[in-house]
Amino acid sequence: MIVTTTQNVEGRKIVEYKGIVFGEVISGVDVVKDMVAGLSNFFGGRSNTYETELVNARESALREMEERAAKLGANAVVGVDIDYEVLGANNGMLMVTASGTAVRVE
C-alpha cells in the first residue's frame, strides 16, 4: 500500500477513486505516565512517555486507514492528513485521526 501526503503518486496513474478513508485512535494517558511526564516537564527535557504514546497512536491510525482502503480494493492512499486533538475532562485523552483518498494506481 502506497501512502502519501501528495495528491498523486509520481510515475503512476490513478485509475480509480475508491473514496475517503479514515483511521481513528483515542488513547488515554494513565496516572503513572502522567506523573513521569510531569517530572520531565518540571526538570526540563523531552517527555519520552508522551512521545511514545503519540508515535503509537499515529502508527495505529495510519494502519487502520490503510486496512480500510484495502477493503475497498485500493492499492494507495493519497492526500493523507493527520490531525491531533486532546479530549476529556483534564485533557487526558489523545485522539489521532488519519484521513486520505483511497485509490487504485497502475
* Pairwise side-chain contact, I2 with R12, heavy-atom cut-off 4.5 Å (strictly under) -> yes
Could you measure the distance from the [atom1] atom of [X] to the [atom2] atom of [Y]? Nearest 0.5 Å is fine.
X	Y	atom1	atom2	value
L62	E67	CG	CD	11.0 Å
L94	L54	CG	CG	6.0 Å
D83	R58	CG	CZ	12.5 Å

Give a yes or no on whether [X] and [Y] share a hydrophobic cluster (residues Ile, Leu, Val, Met, Phe, Trp, Tyr; joining criterion: side-chain heavy atoms under 4.5 Å apart).
X	Y	answer
V25	I82	no
V86	Y84	no
V80	I20	no
L72	M65	yes

* Non-hydrogen atoms of V77 and A69 that approach each other most closely -> CG2-CB, 3.6 Å
* T4 to T6 - nearest heavy-atom pair and separation -> OG1-OG1, 2.8 Å
* Asked: Is N75 reaching over with its side chain to a backbone N or O of V105, donor-acceptor style, under 3.5 angstrom?
  -> yes
* Asked: Is there a donor-acceptor pair under 3.5 Å between the side chain of R104 and the backbone N or O of K18?
  -> no
* Salt-bridge criterion met for R68 and E64 (N-O under 4.0 Å) -> yes
* To do: Starting from the C-alpha separation in whole Å, work towards a yes-or-no answer on side chain to side chain contact (heavy atoms under 4.5 Å, CB included) for V9 and V78.
  => CA-CA 7 Å; V9 179; V78 296; 4.0 Å; yes
* For D81 and T5, what are the C-alpha separation, side-chain angles and deciding distance, and is it a side chain to side chain contact (heavy atoms under 4.5 Å, CB included)? -> CA-CA 7 Å; D81 181 52; T5 58; over 6 Å; no
* To do: Test T97 against E24 for side chain to side chain donor-acceptor pair (under 3.5 Å), laying out the working first.
  => CA-CA 5 Å; T97 305; E24 305 92 359; 5.9 Å; no
* Heavy-atom neighbours of Y17 OH exceed 12 at 6.0 Å -> no
* To do: Step through the shown structure and confirm whether more than 12 heavy atoms of other residues, nucleotides or ligands are within 6.0 Å of CG on L87.
  => yes
* Show your working on side chain to side chain contact (heavy atoms under 4.5 Å, CB included) between E106 and I14 and close with a plain yes or no. => CA-CA 7 Å; E106 291 181 326; I14 295 175; over 6 Å; no
* Working for side chain to side chain contact (heavy atoms under 4.5 Å, CB included), residues E53 and V55 -> CA-CA 6 Å; E53 195 68 37; V55 168; over 6 Å; no
